Amino acid sequence: MNKVYKTAAEALEGVLHDGMFIAAGGFGLCGIPELLIDAIRDAGTKDLTIASNNCGIDDFGLGILLQTRQIKKMISSYVGENAEFMRQYLSKELELEFNPQGTLAERMRAGGSGIAGFYTRTGVGTLIAEGKEHKDFDGQTHILERSIVADLAIVKAWKADDTGNLVFRKTARNFNPPAAMCGKICVVEVEEIVPRGSIDPDQIHLPGIYVHRIIQGTHEKRIEQRTTRKKESA
Amino acid sequence: MNKVYKTAAEALEGVLHDGMFIAAGGFGLCGIPELLIDAIRDAGTKDLTIASNNCGIDDFGLGILLQTRQIKKMISSYVGENAEFMRQYLSKELELEFNPQGTLAERMRAGGSGIAGFYTRTGVGTLIAEGKEHKDFDGQTHILERSIVADLAIVKAWKADDTGNLVFRKTARNFNPPAAMCGKICVVEVEEIVPRGSIDPDQIHLPGIYVHRIIQGTHEKRIEQRTTRKKESA
Amino acid sequence: MPWDRNQMAARAAAELEDGMYVNLGIGIPTLVANYVGDKDITLQSENGMLGMGPFPFEGEEDPDLINAGKQTITELDRTAYFDSATSFAMIRGGKIAAAILGAMEVAENGDLANWMIPGKLIKGMGGAMDLVAGVGRVIVVMDHTNKAGDSKILRECTLPLTGKGVVDRIITNLGVLDVVDGGLKIVELADGISEDELRNATQATIVT
Amino acid sequence: MPWDRNQMAARAAAELEDGMYVNLGIGIPTLVANYVGDKDITLQSENGMLGMGPFPFEGEEDPDLINAGKQTITELDRTAYFDSATSFAMIRGGKIAAAILGAMEVAENGDLANWMIPGKLIKGMGGAMDLVAGVGRVIVVMDHTNKAGDSKILRECTLPLTGKGVVDRIITNLGVLDVVDGGLKIVELADGISEDELRNATQATIVT
């Protein structure tokens, strides 16, 4: 069992194909798989469907794959930060499926958990519910949401051991565990690969069983909304 | 916000009533809420329905509440360790609803997650599927399982801070987080209450939002199958 | 005089009680955090955090620590982090006592629209649909009328809904209204605002 | 001579490949761990652990560290702990490559019965129904016949099922059979067992 690869390009070798379905971790620009996104751009894989809460910004994160027109369809909850996204969507170059944020996260978790579908009240009576099965439980209407299983999950973690056990850091965890769970193949980039046994087994956020390939690399970790307070106001 | 109580009896004050539905953590005798079970025995609450993977043994864990005939119905996956259970069940003094272990855990998680029901392949074509809705997804038959919401969850953790953030230890985690999630009220017993801020916020297994009352106490932690190897054989 | 943004936020903060876990939306709701005072409130950020602290001091920003508005924030001694599936599990599961959200329109039956203007604004609903469907109490904080002076409190919403019959209370610059059987009930008037002024600025049915 | 328990376990271990995550049932399947040799196998215990180690030395038992058979065990340098919902998420989600389980009866269509004898044995299915529905490959290890000498490999199961059409391979004291279209196919015979002996001990249809 060797899960450790040298570069993002090597870690993606043999798993990319045009028209594939990718689930990506990250929220805004926080905890996004920067290196793997760059490698997918370099590989030129086309007609991608990507499930990701957001689509980066124009020149960082998944926005890069919009610039290169590699994305055919996005499944997202919020895409407001990206002018190129709007342009391509309004000109019908890009398909978009809006999912409520929690529904998107749960669809990914379900896909990795052998749950084909689940009933939620989220979205009942809205556009989201159109065409979906409705069912009442205890007097309340729910809609059926299907699970997501992706050909590939691209994920960013803080640390991994060489068996793929992962630890995330602060709010950079976000969609990364559910995205990892729903990928048939899951490739992870981390800031540090540590020897097995050096992470407390009670403190592993995502067990290595979900992780197929790992790379270590340097991350830019760009901040989208740098908001601060003055020392005086403390 | 004061979640810390002195004794199990105090922590259960006002939340017990005859005929109530309780979800309990633990697997076998590992990670069971010993102190809360004792306090429920002392309170004498009757006609309980309890969702718990197992039902303890004759003189420890939930088995104690069988001795006192406080349990009306169990929802469990395995009850093989308990002679009194068998006696009461065969004499129809006790109702039993078998759930596959994973279905039971997921039903609890769903109950705490606003998921009214979910589709699984587990149990298709078996007794478990009888009377349940069947539905095909991608050519495979699934059955609909409903979520569990309990009046009370009784849970054992290793450590808590005073805001209810919990940490579990090794395989004593088991059903405790899903049980905690599905309780309208969740009461937790721990080995140690530590000051807030002393648990790394990345290392909290269950956030305090799920926890309403906490007690610290001494646990017997009985071993059900003490199995060892000889030093020579190492 | 109508309430200003900060007065609306302060009024919304008065809705909160000791021990509550609360989710604040962006815009005016974010300001509510400044007015909770001594109350023991824990703020949830739906990108995976309970116990959200204030903005960091300059130079102490951490790119791994942001709120749902993508702003850099800090942690507290009660903070816990978790993934997005767990975050929305607690939201849908009713563990969050209240969400305080902005809105484009609210209808007298509690319908809420705050995510989309067809043909114009297609940013997405983010976590708003999950929040309004799941939390214990939905409190909307918004201006009573839009820039054109038209009521944002309507008999029926005209925009695509975020949730159907989900709003419990509306706090505007003119006062406070509750969604009740048959329409909206005036709970409170902003300082110096008369009931007639509020009624005239409201398209929805007001019941007494 | 038919295989003994250890030989059956060794034969089952030969099914496993480097890098696999595997769940072993109680009884003979537990012995499989003794025969994986140098292969890089990670054992899952469905009560919430990946990377199950051997039994502890005397005096080193930890009541917080048990396997699904409630036996005290140890951890390894690859071990990860998690809750029961997560444990069965990976089981149902197909992340476990194989489960090696005991059985009371197996039918030629892959039906498996191993949890209940009506009126006699009502211990429960534990995690068996989830495992057979979810893992990549289900391998049954059991004696070919029961104590009365009757075949446990049947045209149809008589006992309540654990799973329908779930078994891929059966390893018994007499040999190895695969579930294929139309019945079972002999893959291998135990040392000194003839095809006729195996056929005579088998009620199910054997195809060639």
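Treat the numbers as computed from the prediction; the structure is a model and nothing was measured. Just so you know, these numbers use all the heavy atoms, side chains as well, and skip hydrogens, waters and symmetry mates.
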Enquirer: If the test is side chain to side chain donor-acceptor pair (under 3.5 Å), which one of A/K170, A/H219, A/K221 qualifies with C/D64?
Expert: A/K221
Enquirer: Salt bridge or not between A/E106 and C/R92? Use side-chain N to carboxylate O under 4.0 Å.
Expert: yes
Enquirer: For chain C, find which of A/L206, A/I223, A/N174 contributes the most heavy-atom pairs closer than 4.5 angstrom.
Expert: A/N174
Enquirer: From A/T122 OG1 over to C/M125 CE, what is the distance, rounded to the nearest 0.5 angstrom?
Expert: 10.5 Å
Enquirer: Please classify the contact of C/D111 with chain A as side chain, backbone, both or neither, using a heavy-atom distance under 4.5 Å.
Expert: neither
Enquirer: Shorter than 4.5 Å, heavy atoms on both sides: which option in C/M49, C/E61, C/K164 has the most such pairs with chain A?
Expert: C/E61
Enquirer: If you measure from the Lys or Arg side-chain nitrogens to the Asp or Glu carboxylate oxygens, is any gap between A/E81 and C/K123 under 4.0 Å?
Expert: no
Enquirer: What's the separation between atom CZ in A/F27 and atom OG in C/S87, rounded to the nearest 0.5 Å?
Expert: 9.0 Å
Enquirer: Please determine, among C/G119, C/G163, C/P54, the option with the most heavy-atom pairs under 4.5 Å with chain A.
Expert: C/P54
Enquirer: Let's test your reading of the structure: which of C/S45, C/A68, C/A128, C/A89 forms the most heavy-atom pairs below 4.5 Å with chain A?
Expert: C/A68
Enquirer: What heavy-atom pair brings A/C30 and C/P63 nearest, and what distance separates the two atoms?
Expert: SG-O, 3.4 Å
Enquirer: So for atom CG, which belongs to A/D59, do other residues, nucleotides or ligands contribute more than 12 heavy atoms lying within a distance under 6.0 Å?
Expert: yes
Enquirer: For the CH2 atom of C/W115 and the CG atom of A/L127, what is their distance to the nearest 0.5 Å?
Expert: 5.5 Å
Enquirer: Let me see the working for C/I122 and A/Y89 under side-chain contact (heavy atoms from CB on, under 4.5 Å), right down to the final yes or no.
Expert: CA-CA 9 Å; C/I122 47 163; A/Y89 175 67; 2.8 Å; yes
Enquirer: Any side-chain heavy atom of A/Q101 sitting closer than 4.5 Å to one from C/D130?
Expert: yes
Enquirer: Out of A/N82, A/T120, A/L104, A/V79, return the one with the most heavy atom pairs under 4.5 angstrom to chain C.
Expert: A/V79
Enquirer: What residue, out of A/S77, A/G31, A/A105, has the most heavy-atom pairs lying under 4.5 Å from chain C?
Expert: A/S77
Enquirer: Hey, which of A/R121, A/Q140, A/R169 has the most heavy atom pairs under 4.5 Å with chain C?
Expert: A/R169
Enquirer: Once rounded to the nearest 0.5 Å, what's the spacing between atom OG1 of A/T171 and atom NZ of C/K70?
Expert: 11.5 Å
Enquirer: Run the salt-bridge test on A/R173 and C/D83 with the 4.0 Å N-O cut-off and return the result as yes or no.
Expert: no
Enquirer: Quick one: of A/A129, A/A172, A/P100, who has the most non-hydrogen atom pairs under 4.5 Å with chain C?
Expert: A/P100
Enquirer: Please identify, among A/N54, A/L96, A/N176, the residue contributing the most non-hydrogen atom pairs under 4.5 Å to chain C.
Expert: A/N54
Enquirer: Using a 4.5 angstrom heavy-atom cutoff, name the option from C/P56, C/A80, C/G69 with the most pairs to chain A.
Expert: C/P56
Enquirer: Could you check which of C/G165, C/P160, C/G124 has the highest count of heavy-atom pairs closer than 4.5 Å to chain A?
Expert: C/G124
Enquirer: Are there more than 12 heavy atoms of other residues, nucleotides or ligands under 6.0 Å from atom CD1 of C/I26?
Expert: no
Enquirer: Given a strict heavy-atom distance threshold of 4.5 Å, which part of C/T162 is in contact with chain A: side chain, backbone, both, or neither?
Expert: backbone
